[in-house]
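Structure first, commentary second.
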Amino acid sequence: PFNDTDCGPDSGWHKLLARLQAAEASKEWTAARVSTDATYKVSDTLTWSGRDYDQDVMVETADFAGFDSATGHPCNEGCKEVQRGIDDALYSWWTNLPYVKLDVAKRMLGSVAARGE
């Protein structure tokens with residue numbers, strides 16, 4: 001059943017869009033640097049730290065979106081931030097929240113399709 005406390009007009013969930021829009025407008029995101037303390041056995045011959053794993057996910061995601069992590073080109077302010085996030089293994093709520101403007105997704109997927117991927 002509908003719960004006013006969790007989903008009503010004064011709930012945190014109901015205010016999520018406004019909070020996302022405010023965070024986007026400020027261009028400031030809280031992030032944590034992922035540690036190398038925890039390790040994960042990927043296979044019998046491969047062990048990764050949490051940092052290694054997260055950096056790999058960030059590289060794959062950035063490359064899919066059109067960033068060339070091998071060269072960093074084209075390197076504008078935006079790509080410098082992407083590279084800094086990868087290099088420093090910066091993890092934020094943004095990394096884990098599947099939120100994207102539909103017009104941005106349309107451009108991104110159009111670009112990926114044009115590359116033949």
Side-chain angles (χ1 to χ4, degrees):
F2 181 79
N3 180 325
D4 247 0
T5 305
D6 295 336
C7 303
D10 293 324
S11 70
W13 179 253
H14 186 76
K15 297 173 185 172
L16 177 61
L17 179 58
R19 292 193 335 258
L20 288 172
Q21 289 169 330
E24 175 72 14
S26 75
K27 300 296 183 200
E28 294 182 12
W29 307 104
T30 302
R33 186 165 287 128
V34 179
S35 172
T36 57
D37 293 344
T39 59
Y40 306 93
K41 188 173 181 176
V42 179
S43 70
D44 288 339
T45 59
L46 181 62
T47 301
W48 280 359
S49 70
R51 179 185 180 99
D52 296 332
Y53 177 82
D54 283 8
Q55 284 176 312
D56 187 64
V57 169
M58 289 183 234
V59 165
E60 292 296 325
T61 301
D63 286 349
F64 176 80
F67 178 74
D68 184 354
S69 60
T71 64
H73 295 296
C75 205
N76 55 30
E77 289 307 308
C79 92
K80 288 177 185 174
E81 280 300 305
V82 170
Q83 191 63 57
R84 186 173 73 90
I86 293 169
D87 292 344
D88 294 343
L90 299 176
Y91 184 89
S92 74
W93 68 270
W94 189 260
T95 311
N96 202 34
L97 184 67
Y99 165 80
V100 67
K101 293 179 182 178
L102 292 179
D103 62 328
V104 173
K106 179 181 176 182
R107 288 194 321 269
M108 181 188 74
L109 293 174
S111 175
V112 169
R115 293 193 316 248
E117 293 184 20

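- In this structure, D88 CG and Q55 CD are separated by 8.5 Å, a value rounded to the nearest 0.5 Å.
- A donor-acceptor distance shorter than 3.5 angstrom exists from the side chain of D52 to the backbone of S49, with no hydrogens or angles considered.
- Atoms CD1 and CG, on I86 and D54 in that order, are 11.5 Å from each other to the nearest 0.5 Å.
- In this structure, CG on L90 lies 8.5 Å from CZ on R51, to the nearest 0.5 angstrom.
- Both L46 and Y53 belong to a single network of hydrophobic side chains, linked directly or stepwise wherever heavy atoms of I, L, V, M, F, W or Y lie under 4.5 Å apart.
- Follow the hydrophobic side-chain contacts under 4.5 Å out from V57 and you never reach Y40; the two are in separate clusters.
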